[in-house]
Every structure is written in C-alpha cells, then in structure tokens.
There are 2 protein chains.
Amino acid sequence: MMEKALSQSLPSLNALRAFNEVARTLSVTRAAETLNVTHGAVSRQIRQLEDQLGVSLFRREGRGLVLTAEAEYLRASTSQAFEQLTHACGHLRRRAAGAPVVLGCSGSFLARWFIPRLHRLKARYPDLNLHLTADEGEKWPLGADVDAVMRFAEPPWPADARVIELAPERIGPVMVPELIEVAAPDPSELLGLPLLHTESREQAWPRWFSAEGLDVTQVRKDQSFEHLNYMLEAALVGLGVAIAPAYLVEEDLRAGRLVAPWGFIDTSARLGLWLPPGEPGREIERLIQWLRLELEAQ
Amino acid sequence: MMEKALSQSLPSLNALRAFNEVARTLSVTRAAETLNVTHGAVSRQIRQLEDQLGVSLFRREGRGLVLTAEAEYLRASTSQAFEQLTHACGHLRRRAAGAPVVLGCSGSFLARWFIPRLHRLKARYPDLNLHLTADEGEKWPLGADVDAVMRFAEPPWPADARVIELAPERIGPVMVPELIEVAAPDPSELLGLPLLHTESREQAWPRWFSAEGLDVTQVRKDQSFEHLNYMLEAALVGLGVAIAPAYLVEEDLRAGRLVAPWGFIDTSARLGLWLPPGEPGREIERLIQWLRLELEAQ
DNA sequence: CCATCATGTCAGTTTTTCTCACATATTAGC
DNA sequence: GCTAATATGTGAGAAAAACTGACATGATGG
C-alpha cells in the first residue's frame, strides 16, 4: 500500500486516456472498442479517475452519458494533450520508418494549386519527402497517420488544433472568355448565365450575390457538382459560371482559359494549415515557410 | 501476446512520462526519484519507448545523457502535454476539495498592487475563492499547486506556457516630494540624489539613464534591496530615489506620498498572467477579465 | 411488460511494471 | 594508474495494475 502525496497530482494516465475517449464518444462501450478493451475495464478506469480527482465526471441520463461541468473542463485539456502526444509519437515513428511527411488537402486544392507548384517546392527543398493525400473530410482531430492538413475554414479555430493562417479565401465567378463579350460587364449580366455550384460550398453564390448587391433569391441552381474540381472542369468547357476561390483558378486565369470579370471578394474563411498542438517538426516548418512564400508571391 | 496495430500509434503513456522526466533532468536517477520508482524501472521504460517508436532517444555521454534530435522533438510535445494534464487534474482536485484558486505573484506586486484592489475584485465576484501567494521564483513550469502566476517578463514566452499579456511594464524614478523642489526638474538633477536599487532588477536604472540620454556610467549604487517592496519603503521614508514599475506606485502617487517628476518609460517587459497550456477554468477567466478591466481603467 | 441496449460490479487471471541485486562504464581525486 | 564515487543497464522474481467474462442493474421503446 502506498500513501499518495498531495503533490503527486497526476492520476493514472491510462484512466485519463479512457476518460478522454468516453468524453469524446459519450459512450463507455464505444470508447472501450476504440481502446481495444472491454467496457468493464473502461468503467473501472472512469471510476478510479473520479475517486482520484474527487469529482463526479459523468451522469447517466437515460441510455446515454452527459459530462459534468468538471468533465467538460477536463476534456478540454485531455483532448489537446493526447492529440499532441499521439501526433508527436506518430510523426516520430513514421519518420523513423523512413516514411514521408503526410499532408492532406482537398482533391480540388491538390489538383489545381498544389501539384502545379510542386516542382518549385522540390526545387527549394529537394530532400523534403512529402506525401500528398486527398482528404475531403472535415473531420478533426486528424487521423494519427496524417501530419497536417490544409483547408479553407472560418475562425474560430478549435482549441485542440494549431491553425496556421496562410491566406484569406477570396471567391468570385469565373468562366470561359467566350461566355461574356463585354470587357467590364455589370454583375446583373450573371442572371442570364447558367450558374455552377458545389455541394461543399452552398453559401458561395448567395454570399457573392449579396456582396454585389444582387437579389439573393435570384440565385438559380442550374448545375451542381460534388467537388470544386468538377465544377471547374465544367466551367472550363464552357458549361456555365463557376464560383471559385481565387487560389484554385490562378493558373487558368493566367493562361486565359478562364476570366473573372468581377474579380474576387474576401470571405470570412481562411486558407489554413491545420497542425496538431505542439511544436511542428523541421519538415513542417519548411513546408510552412514555402507555403507562405508561395501564397504571398502572387 | 497481442499484435500491435499500426494505427495504434500511442506508446505506453507511463513510458512517455518517464521519458519526459529523464529529458527534463537529463538523468535517469533523478527522474526516478521524481517518479518515486527505482532507476531500473525508468531505464526499462526508456528502452521500451525507444523500441516502440523505433528511434534512439538518448546517447550516453560520459556520466550524463544527451538528447538525440528525435528526443528533442518529442520532449517539446511531452512537456507541454503533461504540463497541461498535471494542471488540469490539479486544478480539478483542488476545486473539488473546496480549495481556492491559487494565484502566485511577487511579494511587491502582491502588497502594492493586488491587495489594495482586492476589495474591488471581491465586490465584482463575491464568490470567487482566490488565494494569493507570494512567489518570487522565476521558475517554470509552475508547481502543480499553483493555478497561475503574474509576473513581469519579456517575450518571447516559453512554448509550454500560455501567457496572457496584460499590460506593458513602465518604469520611472519615484521619491518623496520633499526630495525635489522644482516642479519640472531636469533629469540630470538625479545625479545629486541617492539612488535605490533592487537586486532583481539591476538593469532598471541603466535602462532609464540611457533612455533619458544620461551617461550610464554615472549610475551610482547607493543602496540596494532584495525586493522592490523594500526599496519602495525606503523611498517612502525619503532615503532616496527608487526606480519602480508604474503599477506598483499608483496609490502612492495618487496620495501624494511619492512623486514621479519624469514620468515613466516603456520597457520591453510585459505584465503577464502565466497559465498552464489549455483552456483556463471559469474562475481564471473571471480573474483575467477583472485584471484587464483594472489595468485598463487607470 | 418484455426485448434491447447500455453501464456498473466482482472475482479471478493476465499483463505490466517495479524492485533488488549485480554488472558495466565513466570520472575525479589521490 | 588505481580506487572510490557516480551513473546507467539488465535480469529474475515480486508486486501492482489492468483486463476479462459473467452477471446485475437501470432505461427505453415498441
């Protein structure tokens, strides 16, 4: 038997991890599955933690669980702490195995922004072993097998992530030049043209309409696509007017394949690099540096 | 025997904690003492962690240890993560036991700034159970039995702390009005007066001299005190001119007990509230709110 | 009101971790 | 150089912690 010193204020770490899982899933059973143990084991861990902290963490409410205020507070810390530990260890292990740094981003961004610039990244950091993976998911926390993701999103950022803001998102209508004759057309010209949508950004057109003083109810839904990328392909073959982030059409505008007669407007979203909490590794720092450079440059 | 899934990327948490301690103390033996186990146990934990991560973490260098680059990286995460867990648990436990929120600050600040304003804090948040403790130490991380500390310091802030910047530090010479006759004296008048110093801020006078264009070599060391508070007591009885942060002499200036004929100059230091990483509790948030209000007000 | 689903609990077992003793390696002092 | 002192590394057995599996309990919904 061992007396517990008061200064020894850290309870069993495994109990904390069990707590974190239960708090996340709001279910002892699901948490147990994730942790590869039986629900009994998790139940005991929670009880042990409650005893050690001297607070009640969950209340049974019918068939489910609800967090007490104390649990809510604790969860904020445990989720971040375990996020951090998980990623640091995963990162180390992968690097030790010679695996590349894994960066996730949406397929559209990958195809239209990243890949065309990849040669410049390679030129700057020839030995940077980067693996790009398409990752449409809005999910957070990151899977343990991804080092970082790039995505467009709006603040506030979640507490258990580190978001490096890279650039504001700017959106605007783009189309093939043949679709519009006038050099500086009035926004109302749009009303006569087919509008292309994406399911992931349903607010894009309404937002632009209202920013330009057009009647939002006039937004027609001529054609919708699952991803930005498909919408842009459609715009490129002249099917209609797409509303797209400026960064994704840079190349097409420069090459004259598309035009953006009304320019782009700022949205409240930001292009950000989402990292697990903690210090980024050297490779990630290089990546950030290059991204900043690349996004400022133009 | 259990096969380890690749996705199971979190090694033994106790091993991570052992690692964190060893990395901090650079000694298996000292870490073992802190963790209340034998050095053999810690040695095994480290080896186990190295096996699980597939990286070497320490090199024996003569009698001591040095961190590998990988260990350095890992430590950044573990220290922050365990800091966070320790404080969240300590905070919860203390609150559960009905213990007050513990705020540390220097004795001088406590006596000259905080206590005179305590009645206002009580008026605003009558049920805020706050315990103030004098804490001269510059040490970080916080002891697990303190929820936050206030201190004057210069950026950059350490990565494993959350520093809420409250106000810039402004310093200036103060003295009893009898010591100086002129209403708007020239700074050079100082040279004829005894200068009071503190050991904790040896740079205060030289900085002020050079900011005012005076010859730094002219700084005489007439009398030195261990703490700001003693220096100010000396100034109050007319022993000489003290150099003090504006916040600590507000009351004395208002009451006419002291004068600051040359005003105050900004330093690069900030008064900050140092918190462990993670979301602050509700009590701490109230405290921050009140501190902001109180420091802006004047 | 019974079938279902979820959590709580217990005794016994498995797994992990720790201790203790000894081995090894480096350094400082004589 | 040798020795004493200081550290870390390693093994077998002991101790502690965690897990399992079976059963109990409580809520929900047809």
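Residue numbers begin at 1 in each chain, while the letters A, B, ... track the order of the sequences. These figures come from a predicted structure and were not determined experimentally.
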Calculate the interatomic distance between [X] atom [atom1] and [N] atom [atom2]; express it in whole Å.
X	N	atom1	atom2	value
A:Phe58	C:dG8	CZ	P	9 Å
A:Leu65	C:dC5	CG	P	17 Å
A:Arg17	D:dA17	CZ	C1'	15 Å
A:Arg47	C:dC10	CZ	C1'	12 Å
B:Glu33	D:dT8	CD	C1'	14 Å
A:Glu21	D:dC19	CD	P	13 Å
A:Gln48	C:dT9	CD	P	14 Å
B:Asn36	D:dA15	CG	P	19 Å

When the nearest nucleotide of DNA chain D is assigned to B:Ser43 and to B:Asn14 on a heavy-atom basis, which residue is associated with the more 5' position? B:Ser43
Between A:Ala15 and A:His39, name the one whose nearest nucleotide on DNA chain D is closer to the 5' end. A:Ala15
Might you confirm whether atom CZ of B:Arg282 has over 12 heavy atoms from other residues, nucleotides or ligands at distances under 6.0 Å? no
So does B:Arg124 have more than 12 non-hydrogen atoms from other groups sitting under 6.0 Å from CZ? yes
Please determine, for the side chain of [X], which listed nucleotide ([options]) has the closest atom?
X	options	answer
B:Arg44	C:dT9, C:dT17, D:dG11	D:dG11
A:Thr29	C:dC20, C:dT7, C:dT9	C:dT7
A:Ser27	D:dA18, C:dT7, D:dG9	C:dT7

Using only side-chain N and O atoms of A:Ser12, determine if any of them is under 4.0 Å from OP1 or OP2 of D:dA18. yes
Side-chain N,O (A:Gln45) to OP1/OP2 (D:dC19) below 4.0 Å: yes
Side chains of A:Asn229 and A:Ser108: donor-acceptor distance under 3.5 Å anywhere? no
Could you check whether B:Tyr125 and B:Glu283, counting side-chain N and O atoms only, form a donor-acceptor pair closer than 3.5 Å? no
cation_pi(B:Arg151, B:Trp274) dist<6.0 Å, angle<=45: yes
When the nearest nucleotide of DNA chain C is assigned to B:Glu61 and to B:Val37 on a heavy-atom basis, which residue is associated with the more 5' position? B:Val37
